[in-house]
Amino acid sequence: MTATNVNGKQVVLREVPPDASPKEVGTALSMARQAFEEWRLWSPSRRQRLLRAIRDRLLDSFDEVVATIVAETGKVVTEAAGSEIVVASEVLNYYSKETASILRTRSVPSGLLAHKRAYKRYEPLGVIGVISPWNYPLVLALGPVATALAAGNAVVLKPSEFTPRVGLLVAEIISAAVDDVGAPTGLVQAVTGAGATGEALVRSGVDKIAFTGSVRSGKAVMKAAADTLTPVLLELGGKDPMIVCKDADLGRAARAAVWGAYTNCGQTCMATERVYVVSEVYDEFVDRVTALTARLRQGSDPGDDVGAVIHEGQLKIIESHLSDAVSKGAKVLTGGGRVEVAGRPSLQPTVLVEVDHSMDVMTEETFGPILPIMKVADEDEALRLANDTRFGLNSSIFSTNRATIDKLVAGIRSGSVCVNDVMISYGIPSLPFGGVAESGFGRAHGAEGLHEMSHIKSVAEDRYGLAREPTWMPVPSWIAGGVKVGLNLRNRRLLALSGRKRTRGGTLFINGKEAK
Ligand code: NAD
C-alpha cells in the first residue's frame, strides 16, 4: 500500500497486482459467467435496486474516490467530484428509475400478418468486457459497467494501466453494493494490465466489448474481435469543433470555449479542440478568450481551475502539435510553456491563432490544453471546416438566431451537438452518447445505451391456431396469381383498380455507368 497526501487528505492507495495473464482473464470470465446465470433471472425492476445501492456506496466513498482520482490523474478536485462522481451518480439514478420501462417487452404492428402477435424482448447478452481509459477513470468505467448490469449482464472490467486503482475501487464499490442487495457474488470482475490484457479480454469469449479509448486502440480491438465475431461498442477520440456566429453571445461563447478547451487539462474526448469564428466578431472573441485564459490558475490546490497533463508521453504529443502549428505560422497569444503540476510536467493553457487545416492542431486529436481559433468568412465556411475531419464525436454552435442554429445542427456531422453550450450533452443521461466516423459507433446512455447491452429477441406468435397458413405446402393453385392481385389491392388500391400504369422509367446505374 502506498500512502499519498491529496489536498491535505491522507489516502492509502491500493497495491496494483501484476498484469493479468490471458489465463487469469479466462478465470475472471468464468466467474462472471457463473454469477450471470443467477443474475439473468432477476427482473429489470429488481436489478434497479442494485444501481441504487451502487450510487449509495459511491457517495459513501466520496472522499476516497476523489483522492484516488486526483492521485492517479493530477486532476483538480472540482473535476474529480463534478465531472466524475456527479455524472456517474446521475447515470446510476437514471437507469435505477428507467431500466424496467426501457426494457419492457414491446408489441409491434404485425402488418399484413394481422393474425400474428409480434413483440420484442430485451434479454441480457451474457458477460460484457468493459475496457476503460484514464482520462475519466471513474465515470468511463462505472458508466458502462452499470449499464451492462442494468441490462442483466455480468462484467469483466479492465481499467487503464494509468488509473488501475480507480478501476479497482469501482469494482470494490460495486461488489459491496452486490452484497447489499443479495445479488450473485462475482458479478463484476476486475482485471488489471495494459493493452495485452485488454486484447486477452477481447479474445476471451466475452459476449460483447464496450471499449472507450483512442482510435488506434479501437481499431486493434475491432480487428481482434473479428476473429471471434465478438460485437464491439467503440467510444473513441474526437476533434470537436465550435462555431461562433456573428450573432452569438460572445461573453458566454468565450467562457464556454475556455471551459471546453481546458477542463481536465484538455484531456476530454469531447473537448473544444478547434474554434471557427466569423470575421465580424473574431477580434472581440479572441480578446475575451485570451484574457480569460491568462487568468486561469493551474495547479493542485482545491481552488485551482486547471490540473495536469497525465504523463510525459501525452505532453510530447501536445507539444508536437504546438510546435508544428508555430512552425507553419500560428501565433501563441498566451501560455505555450511547460509547467510542473502535481509533480507532473504539463503545458500552460494556450491560445493559438492564425491556424489552418495544414496543422496537426486543427486535424489530429491534441488532448491537451490548447485552444486554436480560426477566422472564417461566414457560417457556411465554418460548417465546411467543422466537417473537414475524420472524427465526429461532439460539436458546439453559438448563435442567437433560430434559423442559423437549425441549419448548423442539421449540417454538422457529429454524434451530438451542444447549442450555446459545450460538452454538456454527456451530463444528460437520457441522451444517447457516441460518435460517427472515426469517433466510433454504438451509444452509451439513454434507452439506446441499454439496448447496446441487450439481445433484442424478436418473437412472432400465432394467435389463432389455424390448421394451416395459405403459403404452407402443398401450395394452393390460386396463390401464384393471387399474390399479384392481393399485393396491388393492399398497397395501391385505386391505381390497381383504375388500370393506370406508371410510364416514366428511372435512370439506373450499373457498375457506375448509366444502363441503356
Ligand atoms: P487508449 O486507447 O490508449 O487506452 C484505452 C484502454 O484500452 C486502456 O485500458 C488500454 O489499456 C486499452 N488498450 C490499449 N490497447 C488495447 C488493445 N490492443 N486491445 C484492448 N485494449 C487495449 O486510450 P487512453 O489514452 O487511455 O484514453 C484517451 C483516448 O480515449 C482519447 O483518444 C480519447 O478521446 C478517448 N476517449 C473517448 C471517449 C468517448 O466516450 N468517445 C471518452 C474518453 C476518452
Side-chain angles (χ1 to χ4, degrees), residues 16 19-20 22 25 72-73 83-84 87 91 129-144 147 156-164 166-168 170 190-204 206 209-227 230 232-240 263-273 309-311 313-318 364-368 390-394 414-416 423 425-427 431-445 449 452:
V16 178
D19 289 7
V25 171
E72 286 201 316
T73 63
S83 313
E84 294 251 50
V87 179
V91 171
V130 172
I131 300 177
S132 58
W134 51 261
N135 66 329
Y136 288 87
L138 179 86
V139 73
L140 293 175
L142 187 46
T147 313
V156 179
L157 165 67
K158 194 211 77 67
S160 166
E161 60 274 31
F162 297 107
T163 53
V166 179
L168 293 174
V170 165
V191 292
T192 54
T197 308
E199 186 179 341
L201 182 56
V202 175
R203 294 186 180 281
S204 66
V206 287
I209 286 287
F211 175 85
T212 310
S214 61
V215 172
R216 191 168 49 82
S217 306
K219 287 180 179 174
V221 164
M222 197 163 163
K223 275 189 193 141
D227 285 346
T230 302
V232 289
L233 158 65
L234 297 181
E235 300 281 4
L236 308 179
K239 188 72 194 169
D240 294 353
T263 193
N264 207 29
C265 205
Q267 301 160 116
T268 305
C269 55
M270 51 196 315
T272 305
E273 288 235 349
V309 169
I310 184 90
H311 51 55
Q314 183 58 36
L315 182 59
K316 287 220 167 84
I317 296 172
I318 300 166
E364 299 298 321
E365 187 178 44
T366 303
F367 226 53
R390 60 195 169 88
F391 298 99
L393 193 56
N394 185 49
S414 59
S416 49
M423 299 198 295
S425 50
Y426 194 80
L431 266 183
F433 174 80
V436 296
E438 290 205 8
S439 290
F441 47 79
R443 292 293 178 264
H445 296 178
E452 281 289 340

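Residue numbers start at 1 and run along the sequence shown. Each ligand, and each atom within it, is numbered from 1 in the order the structure gives. When reading the values below, keep in mind they use all heavy atoms of this one structure, side chains included, and skip hydrogens, waters and symmetry mates.
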K.L.:
Heavy atoms only, cut-off 4.0 Å: how does F211 contact ligand 1, side chain, backbone, both, or neither?
P.N.:
side chain
K.L.:
Only counting residues at least two apart or in another chain, list the ones meeting salt bridge (charged side-chain N to carboxylate O under 4.0 Å, His left out) with K316.
P.N.:
E312
K.L.:
Using heavy-atom distances, let me know which of S132, G313, G435, A271 sits nearest atom 8 (C) of ligand 1.
P.N.:
S132
K.L.:
Check if F367 has a non-hydrogen atom at a distance under 4.0 Å from any atom of ligand 1.
P.N.:
yes
K.L.:
Looking at A194, which atoms of ligand 1 are within less than 4.0 Å of one of its heavy atoms?
P.N.:
11 (O)
K.L.:
Quick one: does P159 get within less than 4.0 Å of ligand 1, heavy atoms only?
P.N.:
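Checking ligand 1 against P159, which is what was asked, there is a heavy-atom contact under 4.0 Å.
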K.L.:
Does G237 offer a backbone N or O that forms a donor-acceptor pair with the side chain of E365 under 3.5 Å?
P.N.:
no
K.L.:
Please state which part of N135 comes within less than 4.0 Å of ligand 1, counting heavy atoms only: side chain, backbone, both or neither.
P.N.:
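For N135, the contact with ligand 1 is made by the side chain alone.
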K.L.:
Provide, to 0.1 Å, the distance between atom 22 (C) of ligand 1 and the closest protein heavy atom, together with that atom's residue and name.
P.N.:
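Of every protein heavy atom, G195 CA, 3.8 Å lies nearest to atom 22 (C) of ligand 1.
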K.L.:
Check salt bridge (charged side-chain N to carboxylate O under 4.0 Å, His left out) between R390 and all other residues, then give those that pass, not counting sequence neighbours.
P.N.:
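Partners of R390 under the salt bridge (charged side-chain N to carboxylate O under 4.0 Å, His left out) test: E364, E438.
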K.L.:
What part of T212, side chain, backbone, both or neither, has a heavy atom within less than 4.0 angstrom of ligand 1?
P.N.:
both
K.L.:
Have a look at L234, V202, L140 and point out the one with the heavy atom closest to atom 43 (C) of ligand 1.
P.N.:
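Considering heavy atoms of L234, V202, L140, the nearest to atom 43 (C) of ligand 1 sits in L140.
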K.L.:
Has ligand 1 got any nitrogen or oxygen that is less than 3.5 angstrom from a nitrogen or oxygen of L393?
P.N.:
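No - when backbone and side-chain N and O of L393 are compared with those of ligand 1, no distance drops under 3.5 Å.
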K.L.:
Going by the closest heavy atom to atom 37 (C) of ligand 1, which one wins out of I317, L236, T192, I310?
P.N.:
L236
K.L.:
Out of G213, S214, A141, A224, who gets a non-hydrogen atom closest to atom 2 (O) of ligand 1?
P.N.:
S214
K.L.:
Under 4.0 Å, heavy-atom basis, I'd like to know which part of A444 is in contact with ligand 1: side chain, backbone, both or neither.
P.N.:
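Neither; no heavy atom under 4.0 Å.
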